[in-house]
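Remarks on the structure that follows.
The figures here come from the full heavy-atom set of this structure, side chains too, leaving out hydrogens, waters and symmetry mates. As the structure is a prediction and not an experimental result, all values here were calculated from the model.
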Amino acid sequence: MANTGQGIDQRYLTFRSEERLYALPAGQVAEVIRITSLARVPQAPKSLLGLANLRGVVMPVASVRALFGRDETASTSTSRLIVLDGAAPVAVAVDEVTALVTVAESEIRREDADLATLAGEELRGVFQSSGKIAKILDIHALLTRSFPQTEAKRTTVAVAAKVDGTRADIGRRRLLTFDVADQEYGLDLQAVQEIVPVPDHLTHLPGSDDVVLGVIPYRDTLLPLLSLRVLLGLPTASLARNKVVVARVGDSSVGLVADGTRSLITVDPDLVEKTPPILSARAGGETQIAEIYRASKTRLISILAPDRLFREDVMQSLTRTDRATESPIARVGETASRDLRFLAFKLNGDEFALPIEAVDEVARVPEQITRLPRTPKFLEGVVNLRGVVLPVIDQRRRFDMPTAENTAGRRLVVVRTEQHRAGLIVDSVTEVLRCSPDAIKAAPDLTGEAAGFVRSVINLEEVGRMLLLLDPSELLSRTERGLLESFSKTTSLNETGRPKR
């Protein structure tokens, strides 16, 4: 910086907010970027717009307007994010970045800061720029005022270890169920790697069996897509809105194309029966349906055996395909054993996730929910779930989100912790997601009240996707703890399904 004889010149980045001109010392600015997609954090301070991905790093984004206590507006083509320099990246959203200027210290009127300060502002001085007054913001004071310091964050390694540690609860048998030709089938969850949508374009293999719909790129390899309709001898149909259940068959990964996924349920072992002998009478004694689960009086789920789905010639065909494309199937299996799995769902357009080990089941929201008097607004009521009383929490209300206009796709996610079990109503369940522990990033400090239940962030940088990973124990024990503990001790259901105290 130049010496003018009257002090050292300083550089400032100027920007606009509500037509007012502000400035930040250039030394506090790491870079300026366009507005990017944000993962909004429920119940965060109003000033926090959300979390953004900055080259693999999870970065909180604050609104300068909201930091001042002013109303937020939609971003425009001139809106920008100013990334502040520091150990942990933080960005502030502004209406427009105008210039990088050099100002002599003698031109900065620090004594006028108090006179120029409007409500909500924190200033360190003013100077003239292009005939207008530029206010030098004390940005760190603004951030400290809006975002009280939270306790030290857990490291990413510790977070991943905690997520992985929930695998200890593997004694419960769970099924992922899906529809094929209006019939419900299931696979043991331990055989399912994840669920993905059918891509728009498939690479077809000439001369392949009819069951092979094609191959798609999948992580480090190619994934063969197989039609469950053909495998089960059912009529074929278009692939519109279908889902791919990525399953392990032996040492290979295959994509089983179903009409759609239905639910994730915990199995009562007393209601699982072997396939009746008359249904097992096939050539060679093989059967695709290993067991039948009596989920209710009117709901029977056919449990498929992955290793019995394919004829020997089809398996040989798949093996040849793997060799021809040099597909590193063994490497996929090794990677899958280290990956973590989560249930992904949506609320108010944003994506969230829960460790799959904490989810008992996923079901449609019951039509009848018994409401309880003098309970918080987020407690929708209770339901009788196979003879067990289950409190139901409206997760939109729990997160102070607006009421959903379209409730057709809502689902009930039954979550279990060491002390509690409750059903969470969410807008929709999107998939069973598998990712590497490296994709789990510690949530930044600037998450306000949400710091308790937002355990960390799943940052899928390669696809530009970010999900807030919720901590099940915190989610069900902060406000709800006393309520649920009292509820579990004093409430039961009689045979009519009505609560009694």
Side-chain angles (χ1 to χ4, degrees), residues 10 12-33 35-36 38-52 54 57-75 79-98 108-127 133-153 399-400 442-454 457 468 478-479:
Q10 298 187 40
Y12 289 87
L13 182 74
T14 62
F15 61 90
R16 295 188 184 279
S17 178
E18 289 189 308
E19 300 303 322
R20 297 183 178 93
L21 190 64
Y22 296 93
L24 287 174
Q28 295 181 5
V29 178
E31 59 184 299
V32 177
I33 61 176
I35 298 289
T36 184
L38 301 176
R40 291 175 293 179
V41 181
Q43 293 184 323
K46 181 180 178 182
S47 306
L48 182 65
L49 293 181
L51 305 179
L54 180 66
V57 177
V58 177
M59 174 181 68
V61 176
S63 161
V64 165
R65 284 176 177 259
L67 288 173
F68 293 152
R70 302 166 188 166
D71 292 335
E72 185 60 35
T73 60
S75 61
S79 301
R80 293 293 184 271
L81 296 182
I82 300 176
V83 182
L84 303 179
D85 194 23
V90 178
V92 291
V94 302
D95 296 350
E96 180 185 10
V97 171
T98 54
I108 299 174
R109 302 196 302 274
R110 301 191 184 278
E111 66 279 3
D112 292 342
D114 290 340
L115 295 176
T117 299
L118 297 177
E121 296 178 345
E122 296 279 353
L123 303 184
R124 308 191 71 172
V126 297
F127 62 85
I133 296 294
K135 301 180 179 184
I136 303 174
L137 281 185
D138 187 341
I139 193 65
H140 295 295
L142 282 171
L143 292 172
T144 301
R145 185 180 69 191
S146 294
F147 303 101
Q149 292 297 309
T150 59
E151 62 185 48
K153 285 286 177 180
F399 284 165
D400 296 324
D445 280 340
L446 302 184
T447 49
E449 292 298 318
F453 54 77
V454 177
V457 177
L468 299 185
R478 296 177 68 216
T479 302

What pair of heavy atoms forms the shortest contact from [X] to [Y], and how long is it?
| X | Y | result |
| --- | --- | --- |
| Leu48 | Val61 | CD1-O, 3.4 Å |
| Leu49 | Arg40 | O-CG, 3.6 Å |
| Pro60 | Leu51 | CA-CD2, 3.7 Å |
| Leu84 | Leu24 | CD2-CD1, 4.1 Å |
| Leu142 | Arg145 | CD2-NH2, 3.1 Å |

Would you mind reporting whether [Y] and [X] have side-chain heavy atoms less than 4.5 Å apart?
| X | Y | value |
| --- | --- | --- |
| Val29 | Val83 | no |
| Leu54 | Ile33 | yes |
| Leu81 | Val32 | no |
| Asp85 | Gln28 | no |
| Ile108 | Tyr12 | yes |

**Q.** Distance in Å, Glu19 CD paired with Glu96 CD, rounded so as to fall on 0.5 Å steps
**A.**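 Answer rounded to 0.5 Å: 8.5 Å.
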(Q) What's the separation between atom CD in Glu122 and atom OG1 in Thr144, rounded to the nearest 0.5 Å? (A)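 Glu122 CD to Thr144 OG1: 9.5 Å, rounded to 0.5 Å.
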For residues 111-119, which side-chain donor-acceptor pairs fall under 3.5 Å, sequence neighbours excluded?
residue : atom : partner : partner atom : Å
Asp112  : OD2  : Arg109  : NE           : 2.7
Thr117  : OG1  : Ala113  : O            : 2.5

(Q) Check the orientation of Phe399 and Phe453. Use parallel for under 30°, tilted for 30 to 60°, and perpendicular for over 60°. (A)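 Correct class here is parallel.
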Q) Salt bridge or not for Arg70 and Glu121, using N-O below 4.0 Å? A)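 Judged by the 4.0 Å cut-off on N to carboxylate O distance, Arg70 and Glu121 do form a salt bridge.
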**Q.** Sidechain-backbone polar pair: Arg124 side chain, Ile139 backbone, donor-acceptor under 3.5 Å
**A.**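 Not at all, since once roles are kept as given, no pair shorter than 3.5 Å links the two residues.
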Q. So does Asp400 have more than 12 non-hydrogen atoms from other groups sitting under 6.0 Å from CG?
A.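 More than 12 heavy atoms, drawn from other residues, nucleotides or ligands, come within 6.0 Å of this atom.
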Q | Residues which pass side chain to side chain contact (heavy atoms under 4.5 Å, CB included) with Arg65, listed by chain and number, not counting sequence neighbours | A |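 Per chain and number, Arg65 pairs via side chain to side chain contact (heavy atoms under 4.5 Å, CB included) with Ser17, Glu18, Ser63, Glu72, Thr73, Asp95.
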**Q.** Partners passing ring-ring contact (aromatic ring centres under 6.0 Å, His included) against Phe68 (at least two apart in sequence or in another chain)
**A.**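 Checked Phe68 against ring-ring contact (aromatic ring centres under 6.0 Å, His included); matches are Tyr22.
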